[in-house]
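Working notes, structure below.
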Protein chains: 2
Amino acid sequence: MAAILTERRQFILKLVVQEFIETAIPVASETLVRKYKLRVSSATVRNELAALEDLGYLTQLHISAGRIPTDAGYRFFVENLMDRAPLSPAEQRTIRHQFYQVRSELDQWIHLAATVLARTAQNASVVTPPRSYQSRFKHLELIAIHDTTVLLVLVLHDGTVKQQTLTLDTARSQEDLRRYSARINERCADISTSQIEELVMRDQQREHPEFSDLEQQVLEVILRAMRQFEDQINEEIHSDGLIEMLSQPEFIPALIKAEDAERAVERMRCALEILTSGRGLSLLIPQALASEGVQVVIGGEHSEDEMREYSVVLSRYGVNGAVAGVLGIIGPTRMSYPRSISTVRYIASVMSDLLRELYGVEKRSLDQD
Amino acid sequence: MAAILTERRQFILKLVVQEFIETAIPVASETLVRKYKLRVSSATVRNELAALEDLGYLTQLHISAGRIPTDAGYRFFVENLMDRAPLSPAEQRTIRHQFYQVRSELDQWIHLAATVLARTAQNASVVTPPRSYQSRFKHLELIAIHDTTVLLVLVLHDGTVKQQTLTLDTARSQEDLRRYSARINERCADISTSQIEELVMRDQQREHPEFSDLEQQVLEVILRAMRQFEDQINEEIHSDGLIEMLSQPEFIPALIKAEDAERAVERMRCALEILTSGRGLSLLIPQALASEGVQVVIGGEHSEDEMREYSVVLSRYGVNGAVAGVLGIIGPTRMSYPRSISTVRYIASVMSDLLRELYGVEKRSLDQD
DNA sequence: ATTAGCACTCTCACGTCAAGAGTGCTAGTA
DNA sequence: TACTAGCACTCTTGACGTGAGAGTGCTAAT
């Protein structure tokens, strides 16, 4: 039996993957014939299944169990076999409506995106906030709290707000602070970290520096905050829907009798670890940020070993040349790839449209596929 | 055998609670005699245990198992029997050092507090940000993003920063926006929500209102944000250390053979639910905010039924008359109350000192007990 | 190429059984 | 009266065995 991937074998592979994604039960030859009304006998299907196993697309947990897809099987399914599964118009409407309701609260967007992703795909979600690839100074505000303590509020070009406290050598009035911030705001309007650096440097070398000691102190804090920001850019991962993921049969011992219940507990702990530590994800974010379209990483394809049982579906979102972030789904390798991909694609497009609106670029169509 | 709580019975109760907290194994009469070198036989201890069971302080899972404390047992232990367990000087030093490092980054404080609480008490932690009981306007900034889109940054008296976007009818220059915000900042400096409300009302009733349409629109947004803030004040719960809690034996089937492994899974899911939904906690927060000292709620004492297996140790922190928040530990009823209480008390005092420093009140001693 | 038939393997649920842990009770002692 | 030794009793736990059922792989026939 030569191991050739015939048309029929591809069809059977597709059925096996779909069936397993749906039921989480290893699929048997008999089941396929019955459920999909195949015109051949179960014995024939068995031969084909054996061939698909030889080809590395299927495997079985033990000799008298049905087949489950390997990572390669899922991969082939995603690339070649999968049917598109666009969100229903009703779902699209609901989602758009939810985003419409919080459109003016910038910091709610990520929360909402994470929640909606998780609920729609029934798995955990990850979202990074929209950031410009290079932070530019937008605005500074100095607010006297008391005596020598000052609250410094820094607004960056992409809308990020950062707050710090600052202790001065001598007390200054709010009026003084206003003057300082006004000058810095004027000098630094819309310039990048490195340009501020240069500005400070040049000024210090003059005989009569333009900036006072206090202003230099403030600029130093700003620079540090901005640099810190650029370093952190990929690490700020917001996540939601752990519960949704843990409601998948993989984590419910009663539904997955084939194994020890302790495995399920261990798996839950591992999932929690992945989502809170961010290891294994932080590697994928920059990659997704640099790519177009939806990225899928399946099980063993991950570089991190603890991700071996999980797949990730990611997409970039944002406005070209202005800001960009990443959002996606993480779940067991047996996740519904069609649905996850559609969900990620749709929500990325909604977020992008919102951002385009905010940044004044013309709106694209929201309707999917 | 009259059910009287003699001195000796109290002592034995204390031993049982300590032993069970330490090992998570139901404690047997024999074990007590051996481990604590009691001068009486196991039979005598058995009689005392039976009496303590009659009194409602102990129970057993099944007839041939050791005793475990009831909620009432834990309660009596916490109120009357428990030894103090202050954090070691080394631990105190480490914690102070960690807070010192992020002292200027206000938004890091809560994160750090949650992390440190969780790691020190080996359970999950909850922290609400420090808020003043009534929000007062501090500062407004309007930043032109493009055309008619404006970013509104609102700073409240307690250092909270809130950002919103705003769409105007007609485009305004940044200079215009500066003038508007300057006037509002001047008029509204340091006043409360209701005072702003009044101000706006009075102004609208004049023949020639002082505030322009745009300014009124902005004030409306500010008011809404501030009101929303006051409503949310108890719901903004930050949490950490779920992993620490799930490392407790209660959640590890291998260590708690007495039950089905599926129970452990169900319990993990419930714990996750509690921490993410915030139900059952949100009731306790205002209560803790209104009390002095450390509050302990044990198992069935909770009003929420899903909290029956968990205990919570909470304390208020903050500066009297200025800002206050709540922090605490949540874990299985078999948590180390002495350690949790010390940890909560210590971190509350560190946070309070930090805030006092920020608000310019003299510092109290940091050392515990 | 397909299929009917069958032996084979492995899981799963159930029952049994013996060992062990811990108790409660009784009777006896200081 | 307070304590204790001893023992019967209960219940868990783990090991083992067994039979039913699921699903496969192979062979021989079409």
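Residue numbering restarts at 1 for every chain, and letters A, B, ... go by the order of the sequence lines.
A straight line from CD1 of B:Ile4 to C1' of D:dA2 spans 15 Å, rounded to a whole angstrom. If you take CG of B:Asp54 and P of C:dC25, they are 10 Å apart, rounded to a whole angstrom. B:Glu48 has its CD atom 15 Å from the P atom of C:dC25, to the nearest Å.
At D:dT4, one or more side-chain N or O atoms of B:Thr44 fall inside 4.0 Å of OP1 or OP2 (strictly under the cut-off).
Taking the side chain to side chain contact (heavy atoms under 4.5 Å, CB included) definition, one finds that A:Ala72 meets it with A:Tyr57, A:Thr70, sequence neighbours left out. Residues forming a side chain to side chain contact (heavy atoms under 4.5 Å, CB included) with A:Asp83 (at least two apart in sequence, or on another chain): A:Lys14, A:Gln18. Residues satisfying the side chain to side chain contact (heavy atoms under 4.5 Å, CB included) criterion with B:Ser315, sequence neighbours excluded, are B:Val294, B:Val344, B:Ala348. Annotation: ring pair (Phe, Tyr, Trp, His ring centres under 6.0 Å) contacts of A:Phe77 (sequence neighbours excluded): none. Residues passing the salt bridge (charged side-chain N to carboxylate O under 4.0 Å, His left out) test with A:Arg263 are A:Glu309, sequence neighbours excluded.
Between B:Tyr74 and B:Tyr337, the ring planes lie tilted relative to each other; the angle falls in the 30° to 60° range.
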Can you check nucleotides 21-27 of chain D for protein contacts, nitrogen or oxygen pairs under 3.5 Å, and list what you find?
unit_1: D:dG23; atom_1: O4'; unit_2: A:Ser64; atom_2: O; d: 3.3
unit_1: D:dT24; atom_1: OP1; unit_2: A:Ser29; atom_2: N; d: 3.3
unit_1: D:dT24; atom_1: OP2; unit_2: A:Ser29; atom_2: N; d: 3.4
unit_1: D:dT24; atom_1: OP2; unit_2: A:Ser29; atom_2: OG; d: 2.7
unit_1: D:dG25; atom_1: OP1; unit_2: A:Arg67; atom_2: NH2; d: 3.0
unit_1: D:dG25; atom_1: OP2; unit_2: A:Arg67; atom_2: NH2; d: 3.3
unit_1: D:dG25; atom_1: N7; unit_2: A:Arg46; atom_2: NE; d: 3.1
unit_1: D:dG25; atom_1: O6; unit_2: A:Arg46; atom_2: NH2; d: 3.2

